Every structure is written in structure tokens, then in C-alpha cells.
Amino acid sequence: MQLFARLFPVILVLWLVGCGEESAGPESATSSAVQAEEIDWDRLIPVEWQPETLLEDFDLDALDEMDDDDPRATELMDKLMALWADAPVVEELDGLVIRLPGFVVPLELDERRMTEFLLVPYYGACIHVPPPPANQTIHVVAPEGREYVGELFDTVWVTGTLRVIRTSSDLAEAGYRIDVTEIEPYDGEVEPL
């Protein structure tokens, strides 16, 4: 009986440790799942990139005096669009699982069921006004069979893995891509720019 009394605590500890490892298996898989980091649009802009200083080289007041078909206006707009298309991205964000709100801009404007769309930070971007800089435009790719059903300028939360991959479309240059895990409606106030 003394042998049993001495061995019982050892057996009990081994049994509990063994049970703990078994139960830790599924829990550890769940707890190791990466949580999405909620970010804002400013996080996508490198700190050293200051677009307002880039615009100092342009006479924007002169635009008011020009017609849309004025060759000087066209030249100025082309230069500005080139700056926006080449806007630098934050390389360190590649692979980060994020959650970000924004406005939906379908790549095919007559589509309601979208496997891909652009996510932009403000209403009207890419359609009514010039597109945002590439570092403020995200190409969203939904997994097969999980299309987003919605409309132009729906406000949504997009969750997924952010990639630093440039893509080009007729609407805009995108400096990032999100491989989607979830798209959900944005329920809240949209802050004006």
C-alpha cells in the first residue's frame, strides 16, 4: 500500500500532464489563430511620404484659369497622376492580417456580385474625382465561392491578409492587395476627410 501511496501522486501528475497536452492541442490551434489588427488608412502611407510637399512644385491655382481641354491642364493632371500611381507603400505591412473600413469600387461597374473590387478611403474615389494615391487604394480579392454582393460605394469592413502587391486597372493603381477572410457591412459614422 505504501508503494501505491508513493506512486499515486506521480501517476496522477503524469495523467494530468497527458490530459493537459491532449486538450491543449485543439486549444493551441485556436489560440494561435492570428487576430486581425484594426488599422486606419494613414498606416498605409510611409511616414516620409508627404504628398503636400510634392504638390508645391505645381501651380494648382493656375488650374482654375484653365479649361479641361487645355493642354497645360492635361500635362499637369498627367504629372499629378504619375505621382499618385508611384506613391510608395509600407513594405513592413506585407503579410499582416488586418481589418480596415472603406468604400467599395467594383472593377466592373455593372457588377453586383464581386470576386474583386477596389477598397478606397473616401466616397467618390475613382469615379467622381481622381483616384486616391496607390498607397490609399487596395485591390480586394475574395476567395472563390465567397463573392461580395453589393453596390458601388458600399461601406464595408474588410478583414484579410494584406499584401504589398501593385495592381493596375482602368480605374486606379493599387499599391496593396487584401486576400479576404471576411467582408461585413460597416455600421457607424463615416468620418469626412
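In this text the structure is predicted, and so the values were computed from the model without any measurement.
- Residues V105 and L152 share a closest heavy-atom pair of CA-CD1, 4.1 Å.
- Between I178 and I98, the closest side-chain pair of non-hydrogen atoms falls below 4.5 Å.
- Checking side-chain atoms of D94 against main-chain N and O of V164 turns up a donor-acceptor pair under 3.5 Å.
- Residues passing the side chain to side chain donor-acceptor pair (under 3.5 Å) test with R166, sequence neighbours excluded: none.
- Every side chain to side chain donor-acceptor pair (under 3.5 Å) that D179 has, sequence neighbours left out, goes to R177.
- Scanning for side chain to side chain donor-acceptor pair (under 3.5 Å) contacts around D70 gives R72, with sequence neighbours left out.
- The salt bridge (charged side-chain N to carboxylate O under 4.0 Å, His left out) test applied to E151 returns R112, not counting sequence neighbours.
- Here T161 pairs with V97, R163 under the side chain to side chain contact (heavy atoms under 4.5 Å, CB included) rule; sequence neighbours left out.
- Scanning both residues, L100 and I39, for their nearest heavy atoms gives CD1-O, 3.3 Å.
- Residues meeting the side chain to side chain contact (heavy atoms under 4.5 Å, CB included) test with D78, sequence neighbours left out: T74.
- Grouped with I165 in a hydrophobic cluster is no other residue, since no side-chain heavy-atom contact under 4.5 Å to another Ile, Leu, Val, Met, Phe, Trp or Tyr is found.
- Relative ring orientation between Y186 and W157 is described as tilted, the plane-to-plane angle lying within the 30° to 60° band.
- Evaluation of the side chain to side chain contact (heavy atoms under 4.5 Å, CB included) rule for P132 yields V120, P121, Y122, A125, C126, Q136, T137 as partners, not counting sequence neighbours.
- Here R99 pairs with E184 in a salt bridge; the nearest charged N to carboxylate O distance falls below 4.0 Å.
- The minimum heavy-atom distance between A172 and P131, with the atom names listed, is CB-CB, 3.6 Å.
- Every side chain to side chain contact (heavy atoms under 4.5 Å, CB included) that E75 has, sequence neighbours left out, goes to K79.
- The main-chain N or O of P88 is found under 3.5 Å from a side-chain atom of N135 such that the two form a donor-acceptor pair.
- T155 places none of its side-chain heavy atoms less than 4.5 Å from the side chain of P185.
- A side-chain donor-acceptor contact under 3.5 Å links D40 to the backbone of R43.
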Kindly list each side-chain donor-acceptor pair under 3.5 angstrom involving residues 139-147, sequence neighbours excluded, with atom names and distances?
from: H139; atom 1: NE2; to: E116; atom 2: OE1; distance (Å): 2.5
from: R146; atom 1: NH1; to: T181; atom 2: O; distance (Å): 3.4
from: R146; atom 1: NH2; to: T181; atom 2: O; distance (Å): 2.7

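- F117 has its side chain within reach of I183: a pair of non-hydrogen atoms, C-beta onward, lies under 4.5 Å apart.
- Qualifying ring-ring contact (aromatic ring centres under 6.0 Å, His included) partners for W41, counting only residues two or more places apart in sequence or in other chains: none.
- Contacts of T115 classified as side chain to side chain donor-acceptor pair (under 3.5 Å), with partners at least two apart in sequence or in another chain: none.
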